[in-house]
There are 2 protein chains.
Amino acid sequence: MEAKEILKNHVGKIIQLTDEQFDYFFSHFKIQSFKKGQAIISDGDTVDCEYFVVSGCLKSFFINDDLKMYILQFAMPTWWASDFNALYNHTKATINLDCITDAEVLCLSNGDREKLCKELHPVEHFFRWRTNRGYVATQKRLLSLMNNNVKYRYEELLKMYPELYNIVPKNLIAAYLGVSRETLSRLYAPEK
Amino acid sequence: MEAKEILKNHVGKIIQLTDEQFDYFFSHFKIQSFKKGQAIISDGDTVDCEYFVVSGCLKSFFINDDLKMYILQFAMPTWWASDFNALYNHTKATINLDCITDAEVLCLSNGDREKLCKELHPVEHFFRWRTNRGYVATQKRLLSLMNNNVKYRYEELLKMYPELYNIVPKNLIAAYLGVSRETLSRLYAPEK
DNA sequence: CTCCAAATGTGATGTAGGTCACGCCCCCAC
DNA sequence: GTGGGGGCGTGACCTACATCACATTTGGAG
């Protein structure tokens, strides 16, 4: 399916736009292709865009002073990713975004999003809906991190996103769960 | 200051409404007063409203099977609180909301919020802005929970919200940090 | 096919924070 | 005043997970 179709489908689940409106909306996106391992946003960058994933898989992550990586989000097709803090507040990136697999994305600048939200009321509604979902999901993850052990969190993650199991190496899963790769590896080790 | 003034000030920082528009907006809110310790939302309730804090301090929290409490949010004046997951998705509450101190709130129903968002484009913009802030703040907290130890998180919290130190007992601070009250208490114990 | 790097498994040991138990203080309701 | 419950400190011990070290497997580039 075409990138445009995928976006149209996705947006169409939440709001109705006429074909002309959607064409206008879509005209603000730029399609970009990236190779596995390629960086889209790096720590310290100026962040101008958010990215709608058409194909492939991205990760957004934070690297701490000890070079330990924590993954904020895996972004699969129809997910949106960026360093939203830097994007909204016009600060330098503290979050990295790169490609776990080859990927195609649709790129929308902060300015164009705000322009579109102003011009087309339904678009503003769409982005409110999108952020609501992210907000609620992040709150749930925060609670799960405090309340559940690694094994439970791992199984929840795989239940929610089974496709990750095949695409994403375990060390990255561990970095998402906030645990060392060794501990994750030992979860299903036979009793000694 | 009047509840209406406080809300007007808060909303006015983000969007411009005419006086008539704001009066109309405000007419959908109900003011409510609660006593210290009183519950606003309890686990299992149907959740109809979100709450804008005019005075006092609320907490939203989750209780797990072992009756351990995890605090999602302290809500001070001009903050919004609810079980947003239940509210948006029309499910039963899994999050509780109650009063740490006597409190006055402005209550807005889910239906009225959606109606206002539809009728007044700026209102939709306001709520998008509000959720964006919550989303970004929750992501930061998630990273901090994975990356920083208790002492650091405690000091960050007090730096960000110094007023909590005087209002909120330490066992609740611990429940926010995701740590036992004993550990929090030992943070500044003299070396043995 | 071959080789190297990335991914993964696993043992030994260290440590932050949890849990349980107990005691004190303070404040407010009666 | 006094009794009781909430808030808080602290000792003893426990546990989940981190860290370091090294071995083994695997898959993709040449």
Side-chain angles (χ1 to χ4, degrees), chain A residues 35-39 56-57 59 61-71 74 98-102 142-158 164-192, chain B residues 35-39 57 59 61-71 74 98-102 143-158 164-192:
Chain A
K35 288 282 166 200
K36 176 176 174 171
Q38 210 175 338
C57 181
K59 65 175 191 286
F61 59 103
F62 172 75
I63 304 281
N64 76 1
D65 298 338
D66 302 330
L67 302 182
K68 232 169 116 169
M69 176 197 303
Y70 296 100
I71 292 181
F74 294 115
D98 72 15
C99 301
I100 294 179
T101 66
D102 291 356
L142 187 70
L143 279 181
S144 185
L145 188 62
M146 293 199 280
N147 189 37
N148 301 125
N149 64 18
V150 181
K151 188 164 184 174
Y152 187 89
R153 272 149 44 213
Y154 180 58
E155 289 172 357
E156 285 295 296
L157 178 67
L158 291 186
L164 289 179
Y165 191 82
N166 302 309
I167 297 176
V168 178
K170 294 265 169 67
N171 60 329
L172 297 185
I173 303 271
Y176 179 91
L177 297 174
V179 82
S180 73
R181 60 160 202 88
E182 291 94 332
T183 297
L184 184 62
S185 160
R186 270 186 265 261
L187 282 185
Y188 296 95
E191 290 297 316
K192 193 174 49 182
Chain B
K35 288 283 167 201
K36 176 175 175 171
Q38 209 175 339
C57 180
K59 66 177 193 285
F61 59 101
F62 173 74
I63 303 281
N64 77 359
D65 298 340
D66 302 330
L67 303 184
K68 229 168 116 170
M69 175 197 303
Y70 296 100
I71 292 182
F74 294 114
D98 72 16
C99 300
I100 296 179
T101 65
D102 290 357
L143 279 182
S144 184
L145 188 62
M146 293 199 281
N147 190 36
N148 301 123
N149 64 20
V150 182
K151 188 165 182 175
Y152 187 89
R153 272 149 46 214
Y154 180 58
E155 289 171 358
E156 285 295 296
L157 178 67
L158 291 187
L164 290 179
Y165 190 83
N166 302 310
I167 298 176
V168 178
K170 296 264 169 66
N171 61 326
L172 296 185
I173 302 270
Y176 179 91
L177 296 173
V179 81
S180 71
R181 61 159 203 88
E182 292 93 330
T183 297
L184 185 62
S185 159
R186 270 187 266 263
L187 281 185
Y188 296 95
E191 290 298 315
K192 192 172 53 184

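Quick note: numbers below take in every heavy atom, side chains included, and nothing from hydrogens, waters or symmetry partners.
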Taken to the nearest 0.5 Å, the spacing of L164(A) CG from L172(A) CG works out to 10.0 Å
To the nearest angstrom, the CE-C1' distance between M69(A) and dA18(D) comes to 18 Å
Whether T183(A) contacts dC17(D) is assessed here as follows: a side-chain N or O lying under 4.0 Å from the phosphate OP1 or OP2. Is that the case? no
A correct 5'-to-3' footprint of nucleotides 20-30 of chain D, with B, S and - meaning base, sugar-phosphate only and no protein heavy atom under 4.0 Å, is BB---------
Residues at least two apart in sequence or cross-chain that pass salt bridge (charged side-chain N to carboxylate O under 4.0 Å, His left out) with E155(A), listed by chain then number, are none
Exercise. Within the pair S180(A) and dC17(D), is there a side-chain N or O less than 4.0 Å away from OP1 or OP2?
Worked result: no
D66(B) CG to dC20(C) C1', in whole Å, measures 14 Å
Rounded to the nearest 0.5 Å, the NZ atom of K151(A) sits from the CG atom of N149(A) at a distance of 8.5 Å
Y165(A) atom OH is separated from dA7(C) atom P, nearest whole Å, by 15 Å
Rounding to 0.5 Å, atoms CZ (R153(B)) and CG (L184(B)) come to a distance of 10.0 Å
message: Applying a 4.0 Å non-hydrogen cut-off, can you work out what G37(A) is touching in the nucleic acid: base, sugar-phosphate, or nothing?
response: nothing
Between CG of L184(A) and P of dT19(D) the distance, given in whole Å, is 15 Å
Rounded to the nearest 0.5 Å, the SG atom of C57(A) sits from the CG atom of N166(A) at a distance of 11.5 Å
Whole-Å distance, L187(B) CG to dC8(D) C1', equals 13 Å
- Is atom CG of D65(B) surrounded by more than 12 heavy atoms (other residues, nucleotides or ligands) closer than 6.0 Å? no
Only one of K59(A), K36(A), Q38(A) passes side chain to side chain donor-acceptor pair (under 3.5 Å) with D98(A), and that residue is K59(A)
In short, N147(B) meets N64(A) closest at the heavy-atom pair OD1-ND2, 2.6 Å
- Query: Does dA18(D) have OP1 or OP2 sitting under 4.0 Å from an N or O in the side chain of K68(A)?
  - Reply: no
Tell me which donor-acceptor pairs under 3.5 Å the side chains of residues 174-181 of chain A have, and how far apart each pair is, sequence neighbours excluded?
residue : atom : partner : partner atom : Å
S180(A) : OG   : T183(A) : N            : 3.2
S180(A) : OG   : T183(A) : OG1          : 3.1

Residues in residues 147-157 of chain B with a heavy atom under 4.0 Å of DNA chain C, by number, are N149(B), V150(B)
- Task: Check for a donor-acceptor pair, side chain of T101(A) on one end and backbone N or O of G56(A) on the other, with a separation under 3.5 Å.
- Result: no
For I63(A), the side chain to side chain contact (heavy atoms under 4.5 Å, CB included) test, sequence neighbours excluded, returns F61(A), L67(A), M69(A), N96(A)
Within residues 166-176 of chain B, those residues having any heavy atom closer than 4.0 Å to DNA chain C are none
